Structure formats: C-alpha cells, structure tokens
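Basis for what follows: all heavy atoms, side chains included, without hydrogens, waters or symmetry-related copies. On a predicted model such as this, the values are computed, not experimentally measured, just so you know. Here is the naming used below: chain letters follow the sequence lines, and residue numbers restart at 1 for every chain.
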2 protein chains.
Amino acid sequence: MTSRSTYHHGDLRQAVLAAALDVIAAEGPGALSLRDLARRAGVSHAAPAHHFKDRTGLLTAIAAQGYELLAETLGDAPELSERGVRYVRFAVAHPAHFQVMFQPELLRADDPDLLAAKEHASAELRAGVAGLPDVPDARTAGIAAWSLAHGFATLLLTQNVTAAIGDRDPEEYFRSLTGLVFTNQLPSRGGE
Amino acid sequence: MTSRSTYHHGDLRQAVLAAALDVIAAEGPGALSLRDLARRAGVSHAAPAHHFKDRTGLLTAIAAQGYELLAETLGDAPELSERGVRYVRFAVAHPAHFQVMFQPELLRADDPDLLAAKEHASAELRAGVAGLPDVPDARTAGIAAWSLAHGFATLLLTQNVTAAIGDRDPEEYFRSLTGLVFTNQLPSRGGE
DNA sequence: GGCGCAATCTTGTCAGTGTCAAGTTCGAGG
DNA sequence: CCTCGAACTTGACACTGACAAGATTGCGCC
C-alpha cells in the first residue's frame with residue numbers, strides 16, 4: 001500500500017479521503033496535513049492537491065460525503081424519534097464527517113456538490129416532521145428535535161456526557177432521553 | 001496601539017486574548033496564528049508564547065475564560081428553562097469562546113485552570129436540575145435539557161437555523177422551543 | 001496497432017507558521 | 001544603586017500550503 005510500482009496510484013482520491021478521516025477522528029481537522037496524507041499514500045507531496053485543489057477542497061469533499069451518508073442513515077426511518085436515534089447513530093459511526101460538516105469556516109460554502117448533498121440530507125430531516133399530527137408549528141418542532149439530537153451527538157463526541165451514560169449504548173441512552181422529553185416528564189415553570 | 005514607546009507592552013496577555021477572540025469569531029480557530037496576533041499587538045513574533053507557551057496554551061486559556069463566563073451567565077437563574085435561555089445567550093454573546101470550549105483536540109485537557117473553570121460551570125449546570133420535582137432520573141433530565149440548549153446554540157452559530165428563525169431574537173425563539181418540548185406538543189411513537 | 005492527449009503524478013520553490021534557544025531590556029525590591 | 005527575574009527580541013530550524021513546470025501514463029479514437 002505504501003510502495004507502488006506504477007506511476008499512477010490508481011485510487012489516490014479514496015486513499016487520501018480514508019487517511020484524512022482517520023486523522024480527523026483521532027486529532028481533529030486542525031491536525032490535517034496534505035503532505036502527511038501524501039506520505040501515507042506513498043505519493044509526492046503535491047499529489048493530493050490534484051484531486052482536491054485545496055485543503056479546503058478536501059474538507060469540503062468530506063463534508064459533502066458526510067451529508068450523503070447522513071441522508072442514507074436517516075433513510076426511511078418510520079417516525080420522528082427514530083430519526084433522532086439515527087442521527088446519533090450517524091454521529092457515532094462517522095465522527096470525522098460529523099465534525100467537519102458543522103465547521104463552516106473549514107468549507108467552501110458555495111461548492112455545488114456540498115450544496116446538493118446538504119439539500120439531500122435536509123430533505124430527509126424535513127420528512128421526519130412532515131406528517132406530524134396536531135403540531136401547530138411543524139417547523140419549530142423539527143428544529144426542537146434536531147437541536148436535541150444534534151446537541152446530544154455533539155456532547156457525546158466531545159466527551160461531555162461519557163461519564164453520565166457510563167457503558168450504556170449511546171443510541172439506547174438517547175432513546176431514554178427522547179422518552180423523557182416526549183412524555184413530558186420535564187417540568188416547566190413550576191408545573192404550568 | 002500598534003506603536004509603543006516602552007520595551008514592555010504592559011498588557012500583552014489581554015491584547016493577544018482579545019485579538020484571538022476576534023480572529024476566531026470571524027474565521028474560526030484554524031485561522032489563528034500566533035505571529036499574526038503578535039503583529040496586531042505590535043510585538044515581536046515570539047512574544048505571545050511567553051504568556052501562553054503554545055498555540056494550545058492560548059486556546060486553553062480561552063476555553064477556561066469561556067467556562068468562567070458561562071458560569072457567570074448562568075448565574076442565579078431561577079429555573080431550568082431559563083438556564084437554557086442563558087446558555088443560548090452565552091453562545092451568542094461569546095461565539096469564539098463557545099467554539100473553542102467544545103473542540104477538545106485544541107485544548108490541554110489536564111490544564112488546572114481549565115479543569116477548575118469547567119467544574120465551576122458544570123456545577124451551575126447541575127444546579128439547574130437539583131431541585132426538580134417528580135423527575136425519576138434528574139441526571140438524564142439534565143442531559144436532555146443540556147442537549148437541547150447546546151444543540152440549538154451550535155446550529156445557530158453554524159448558520160443552520162438562521163433561515164428558520166428569520167429576524168426573531170434567538171433567545172426568544174429558543175423559549176418557544178422549550179415551550180413546545182415542556183408542554184408535550186411533540187408526539188411520541190404515534191401517541192403512546 | 002499506434003498516435004495523441006489529457007489526466008495523473010513529480011519536482012522544485014516560495015512565503016508563512018510554530019517552536020525552541022539565547023540574548024536584551026526593563027522595573028521592582030532589597 | 002544593584003541585582004534578579006519577568007517581559008520582550010532576535011535568530012534559527014523544520015514543517016506546511018500553494019503554485020508552476022515538467023515527467024509519466026493510460027485511454028480513446030483513427
């Protein structure tokens with residue numbers, strides 16, 4: 001893998017993407033170095049740039065791939081709370097993608113592939129609240145659900161709830177979270 | 001400000017911190033350059049290192065300051081939902097701090113100041129769910145509330161809900177979110 | 001089959017960065 | 001006044017992203 005007889009690598013794009021995901025998952029996007037990725041793939045220092053143009057280009061490609069994966073993961077989940085679980089599942093399964101997707105400064109916001117993938121995932125998210133009964137403001141409800149899932153996923157990946165969930169499965173724990181919320185066991189302003 | 005007669009700057013630490021916050025808020029932590037901060041303060045390129053040791057040291061100092069500011073902002077809020085609003089308020093008022101606080105790879109996790117500040121803020125968060133009536137699992141309820149607030153704050157700062165809230169005040173919008181959640185207007189699994 | 005061409009990869013270079021080491025300036029406390 | 005340590009400077013080194021120009025290769029098309 002590191003040595004190669006042919007002049008052309010054959011699948012450099014995929015190799016660089018995979019290596020980048022490893023680095024990001026382990027040390028964050030800031031530790032990403034195009035030259036290091038080139039070394040890992042056994043090519044010259046400028047080879048990756050040919051496929052991604054930029055460091056920003058690489059990160060944008062990762063984000064786009066992430067939105068596609070998210071859309072896939074959400075897939076055809078039957079109802080809203082299950083979509084939340086799927087959202088958490090995605091974050092756990094693809095932490096590097098998740099991290100990059102939500103740091104706009106790292107990305108080329110007007111990239112066509114990114115926009116298309118984002119819209120794709122966005123449609124899946126919206127579908128979750130589309131047929132909800134007796135909800136006055138479906139859009140706000142959707143954002144509430146998104147906030148809950150996104151917040152939990154973020155806190156999970158940043159090691160901020162590891163102590164609380166112990167060795168329980170994150171998805172399962174999130175199910176109990178939604179259970180609490182959806183059955184109104186969180187009191188409001190003094191039981192209003 | 002850029003020119004200075006004395007050999008000593010006088011307040012370099014604060015100057016660098018302030019400049020760093022500007023840069024981070026505008027272009028993210030990745031755009032941070034110690035040499036650039038030195039230029040802005042009108043000192044030599046290695047001067048900032050004397051106060052923060054590292055790039056990591058600077059970011060750790062920012063995160064610690066952030067947790068102290070968060071603890072202050074949460075302050076003596078009366079009840080849980082109001083603490084959520086305060087949490088969002090903090091994120092909007094101090095976006096640079098917020099961003100850095102939740103990127104562990106950027107920080108020196110064992111820094112004493114950081115740990116102390118984090119514990120300080122954590123205590124404030126816990127206080128919000130301390131005296132909740134008739135909640136079986138207060139810890140889980142706290143994480144649910146934290147997830148909701150944190151998720152909304154993150155989505156807000158990453159421009160993912162700007163379209164939805166329009167020109168409304170983020171805090172006010174979040175209040176309506178918690179309203180939805182706490183009054184159980186989000187249906188569960190088909191009305192179970 | 002082989003020719004040309006464009007995609008892929010290499011080599012070389014430049015400015016910019018973080019970090020370390022060693023020297024310089026300054027001010028406070030004895 | 002003098003010393004000593006904190007604050008800052010100067011210089012250096014390895015590393016990085018980006019660009020330009022050249023080498024190599026596989027593939028389509030005649």
Checklist outcome for this item: Scoring nucleotides 11-17 of chain C by protein non-hydrogen atoms under 4.0 Å (B base, S sugar-phosphate only, - none) yields BBB---S

Checklist entry - Quick one: do A:K118 and A:E68 make a salt bridge, cutoff under 4.0 Å? => result no

Checklist entry - Between atom CG in A:D54 and atom C1' in D:dT16, what is the gap in whole Å? => result 13 Å

Item to check | Inter-axis angle, terminal five-pair segments of the helix from C:dG1-D:dC30 to C:dG30-D:dC1 [nearest 10°] | outcome: 10°

Checklist entry - Going by atom types only, do B:Y67 and B:H120 share a side-chain donor-acceptor pair under 3.5 Å? => result no

Checklist entry - Mind checking what makes ring-ring contact (aromatic ring centres under 6.0 Å, His included) contact with B:H94, not counting sequence neighbours? => result B:F90, B:H97

Checklist outcome for this item: In whole angstroms, the gap separating C1' of D:dT25 from CG of A:D11 amounts to 17 Å

Checklist entry - Considering all heavy atoms of both residues, which atom of A:L32 and which atom of A:R55 are nearest to each other, and what is their separation? => result O-NH1, 2.6 Å

Checklist entry - To the nearest angstrom, how far is B:L106 atom CG from C:dG18 atom P? => result 14 Å

Item to check | Integer-rounded Å distance: C:dT8 P and A:F52 CZ | outcome: 11 Å

Checklist entry - Does the side chain of A:H51 come under 3.5 Å of the side chain of A:R13 through a donor N or O and an acceptor N or O? => result no

Checklist outcome for this item: B:A26 meets the side-chain contact (heavy atoms from CB on, under 4.5 Å) criterion, sequence neighbours left out, with none

Next on the checklist: Among residues at least two apart in sequence or on other chains, which ones pass ring-ring contact (aromatic ring centres under 6.0 Å, His included) with B:Y173?
Outcome noted: B:F152

Item to check | Closest-nucleotide 5' rank along DNA chain D - winner of B:H50 and A:K53 | outcome: B:H50

Next on the checklist: Tell me whether the side-chain N/O atoms of B:H51 come closer than 4.0 Å to OP1 or OP2 in D:dC8.
Outcome noted: yes

Checklist entry - Within this structure, what is the CZ-to-P distance between A:R40 and D:dT16, rounded to whole angstrom? => result 11 Å

Checklist outcome for this item: With sequence neighbours left out, the residues meeting salt bridge (Lys or Arg N to Asp or Glu O under 4.0 Å) with A:E124 are A:R83

